[in-house]
Amino acid sequence: MTVRTRFAPSPTGLLHIGNARAALFNYLYAKHYHGEFLLRIEDTDRERSTQQAVDVILDGLAWMGLIPDKPPVYQSTRIKRHQEIALHLLETGKAYKCFCTPEELAEMRTKAKVEGKPPRYNGYWRDRDPSEAPPNTPYTIRIKAPREGKTIIHDLVQGDVTVGNIELDDMIILRADSTPTYQHAVVCDDHDMNITHVIRGDDHLTNSFRQLMIYHAMGWEIPQFAHLPLIHGPDGAKLSKRHGASSVMEFRDEGYLPEALCNYLLRLGWGHGDDEILSREEQIKLFDLDGVGRSPSRMDYTKLNHINAYWLRQADSKRLCKKILSRLNKRNNLKLDEQNQQKILKLMPSLKERAKNLNELAENAAFLCMTIPLNFTDKAQKLLNDGNRILLKKLAIELNKLPNFTKDSINHCLHEFAQKEKLKLGKVAQPLRAAITGNTISPGIDDTLFALGKNEVLARLGAIING
RNA sequence: GUCUCGUUCGUCUAGAGGCCUAGGACAUUGCCCUCUCACGGCAAUAACACGGGUUCAAAUCCCGUACGAGACGCCA
């Protein structure tokens, strides 16, 4: 049997991090078993479901590298099928018409709550003849829930979960306007799509018991369920805006790499021995549901940063240059011509060792593209005192003499100069760094000089010496 | 309120009755490396929620308690 999983988000205009993780787990599980990963857009709420909102999901999944194996199924296109099944259930006596008004139902719930009972539908129309209803009264179709016994779900993550059938009520499968409810549509679609494993958030666990009623009524084969624990904010409360980024696009904009986000999300709530850093190939090879924990986990932005920094170091330099260019473009007073882009590429191996995200990377690379006069940080300004300016003037002469402006020759020159001046290298390197980067922090001084190039270094020094 | 689930360092986790003096990672602190900042290396701090059982032996099995979470819509 081919394993077939699905990710079934509703297009709300946002791809939440919890949903993204569900998508990841579905994808990895399918790939691990050489199965198929499918996408279904649950767009039955036509008002919220704009193409724009759908694109957010599609773009987000593509960014994370979670490409479905088939074109997405749009739930809204399947309403006729949902209705057909609901009607079939009605005809076979597994469902019935309910003429209660929303007001009556609300009253029913409040009453039950006051009595300390679970707020449920009391089955008023279950055994009543529809002729008892006033003519032309709108009605919903409800499925007949079992009234005795219990239902067990063998959840691949949560284990066996048992609920007494008395807890279930006759839920609505077709609304008064004859559109299907979520519970109904999900079951029909999962069945028709031949889904073998339903992997989703733990918030759906109790839904599963209700959905099971439809499977039973239709005599359909029941898929395997796996309910993933939820992601909370760092304080243990539900993850929200106040905690920081919570949607995939936000993480992208804040400069996280997709492989880092995926790596982090995978390790959040899943473990395989002491493994921490995993490539997509390793993830597919190692992932299985028995490694998923049962308790909710907290979002740890610091650890995400660490993992992002790791993948940044591993990333291809050209790719990173491309990614920071758009960020650099948003800044003023930068010259981003071909020549300066080459400088960034030259320094990228050192640059990427020092950044936690793409925004920092762009920030750290910016000095390469600045025009004279540079902007100086306070600390840099302090270093450029009169004494150091004289020192730099002497150093400029030495640097100018270098026939080949290579990393080695620069390094050699600086050491020699420091020795001659009876100074530690740091006493030379720091003022130099300040003069040519405007900052006290940068990659190694030899790398930095080499990337900037002889002409630019001397020009920047000149501006200091004569300024 | 009712039902369901969960609880190992601050956080993510390893742990399937003796390998546990509870391991790893992030964070924190110290040291080393060093031209700055990082990276890297070494070290330190730090946890089995609580109470009862079962057993020669419990983080691991059972039962309670506490705390936390989720679900209870003609939303998805």
Side-chain angles (χ1 to χ4, degrees), chain A residues 8-12 42-45 48-49 75 98 100-102 105-106 109 112-121 138-142 155 158-159 161-164 166-169 171-179 181-183 185-186 201-207 209-210 227 229-230 232 234 236-238 264 267-277 291 293-307 309-310 313 350-356 364 379 411 414-415 418 424-430 432-434 437 439-446 448:
Chain A
S10 55
T12 59
E42 312 231 313
D43 57 347
T44 48
D45 186 344
R48 267 196 293 175
S49 309
Q75 195 159 59
C98 167
C100 288
T101 63
L105 295 175
R109 271 190 289 269
K113 234 174 179 170
V114 169
E115 292 171 5
K117 289 179 189 162
R120 295 206 177 85
Y121 178 65
Y139 61 87
T140 60
I141 295 181
R142 309 188 89 113
D155 193 280
Q158 306 292 341
V161 184
T162 308
V163 165
I166 194 94
E167 305 297 334
L168 272 19
D169 66 353
M171 70 168 174
I172 294 173
I173 56 176
L174 217 60
R175 299 186 189 105
D177 65 359
S178 77
T179 57
T181 59
Y182 163 79
Q183 307 280 12
V186 164
D202 198 21
D203 47 342
H204 286 288
L205 180 60
T206 49
N207 280 338
F209 286 93
R210 324 186 90 215
H227 289 93
L230 272 19
H232 289 163
K238 202 168 177 175
Y264 174 73
R267 281 291 290 106
L268 191 61
W270 176 85
H272 184 269
D274 288 340
D275 296 337
E276 295 284 346
I277 300 288
R294 278 148 295 272
S295 56
S297 27
R298 300 181 186 203
M299 186 73 195
D300 184 352
Y301 292 93
T302 327
K303 186 149 184 178
L304 207 211
N305 282 339
H306 172 81
I307 290 180
Y310 174 84
R313 271 176 259 136
S350 309
L351 245 20
K352 66 188 178 187
E353 293 272 337
R354 295 168 163 77
K356 284 194 203 55
N364 295 345
K379 282 183 182 173
N411 207 348
L414 289 178
H415 274 98
K424 279 189 168 181
L425 187 58
K427 294 288 179 196
V428 178
Q430 274 309 79
L432 177 58
R433 174 173 279 115
T437 71
N439 206 328
T440 50
I441 299 166
S442 87
I445 195 71
D446 43 1
T448 305

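First the proteins, then the strands, lettered A, B, ... as listed; each starts at 1.
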Q.
Tell me whether A:Thr448 contacts the main-chain N or O of A:Pro443 through its side chain, where contact means a donor paired with an acceptor under 3.5 Å.
A. yes

Q: Quick one: look up who B:A49 pairs with, Watson-Crick or G-U, both distances under 3.5 Å, and put none if it's unpaired.
A: B:U65

Q. Which nucleotide sits closest to the side chain of A:Ile441: B:A76, B:C74, B:U36?
A. B:U36

Q: For B:G68 and B:A49, measure between their C1' atoms and round to the nearest Å.
A: 11 Å

Q) With no angle test and no hydrogens, is the base of B:A25 tied to the side chain of A:Lys303 by a donor-acceptor pair under 3.5 Å? A) yes

Q) Within the structure, does a side-chain N or O atom of A:Arg109 lie under 4.0 Å from either OP1 or OP2 of B:U2? A) no

Q.
Students often get this wrong, so: under 4.0 angstrom with heavy atoms, is A:Thr44 touching a base, only sugar-phosphate, or nothing?
A. sugar-phosphate

Q.
Judged by each residue's nearest nucleotide on RNA chain B, which is more toward the 5′ side, A:Thr302 or A:Leu268?
A. A:Leu268

(Q) Considering every strand and a 4.0 Å limit on heavy-atom distances, what is the contact class for A:His232: base, sugar-phosphate, or nothing? (A) sugar-phosphate

Q. Any idea which of B:C35, B:A76, B:U11 is nearest the A:Arg433 side chain?
A. B:C35

(Q) Between A:Tyr264 and A:Asp300 (side chain of the first, backbone of the second, donor and acceptor by atom type, cut-off under 3.5 Å), is there such a pair? (A) yes

Q: Could you pull out the closest heavy-atom pair between A:Glu42 and A:Val186, with the gap in Å?
A: OE1-CG2, 3.6 Å

(Q) Heavy-atom count check: over 12 atoms from other residues, nucleotides or ligands less than 6.0 Å from A:Tyr139 OH? (A) no

(Q) Pairing check on B:U54: which nucleotide meets the Watson-Crick or G-U wobble criteria with it, both distances under 3.5 Å? (A) none

Q: For B:U36 versus B:C26, give the span between their P atoms, rounded off to a whole number of Å.
A: 24 Å

Q: Any strand is fair game: report the nucleotide pairing with B:C37 by Watson-Crick or G-U wobble, both distances under 3.5 Å, or none.
A: none

Q: For B:G30 and B:C37, measure between their P atoms and round to the nearest Å.
A: 14 Å

Q: Could you tell me whether the phosphate oxygens of B:C26, OP1 or OP2, come under 4.0 Å of any side-chain nitrogen or oxygen in A:Arg267?
A: no

Q) Is a side-chain N or O of A:Asp155 found less than 3.5 angstrom from the main chain of A:His227, in a donor-acceptor match? A) yes

Distances under 3.5 Å between protein N/O atoms and the N/O atoms of nucleotides 3-7 of chain B, please, pair by pair.
{"unit_1": "B:C5", "atom_1": "O2'", "unit_2": "A:Gln158", "atom_2": "OE1", "d": "3.4"}

Q: List for me each residue that meets side chain to side chain donor-acceptor pair (under 3.5 Å) alongside A:Arg210, sequence neighbours excluded, and say none if there are none.
A: A:Asp169

(Q) Return the pairing partner of B:A14 with a 3.5 Å limit on both distances, Watson-Crick or G-U wobble; otherwise return none. (A) none

Q: Considering just the side-chain nitrogens and oxygens of A:Ser297, establish if one lies under 4.0 Å of OP1 or OP2 belonging to B:U11.
A: no

Q: Compute whether any side-chain donor of one residue and acceptor of the other, for A:Asn439 and A:Thr437, lie under 3.5 angstrom apart.
A: no

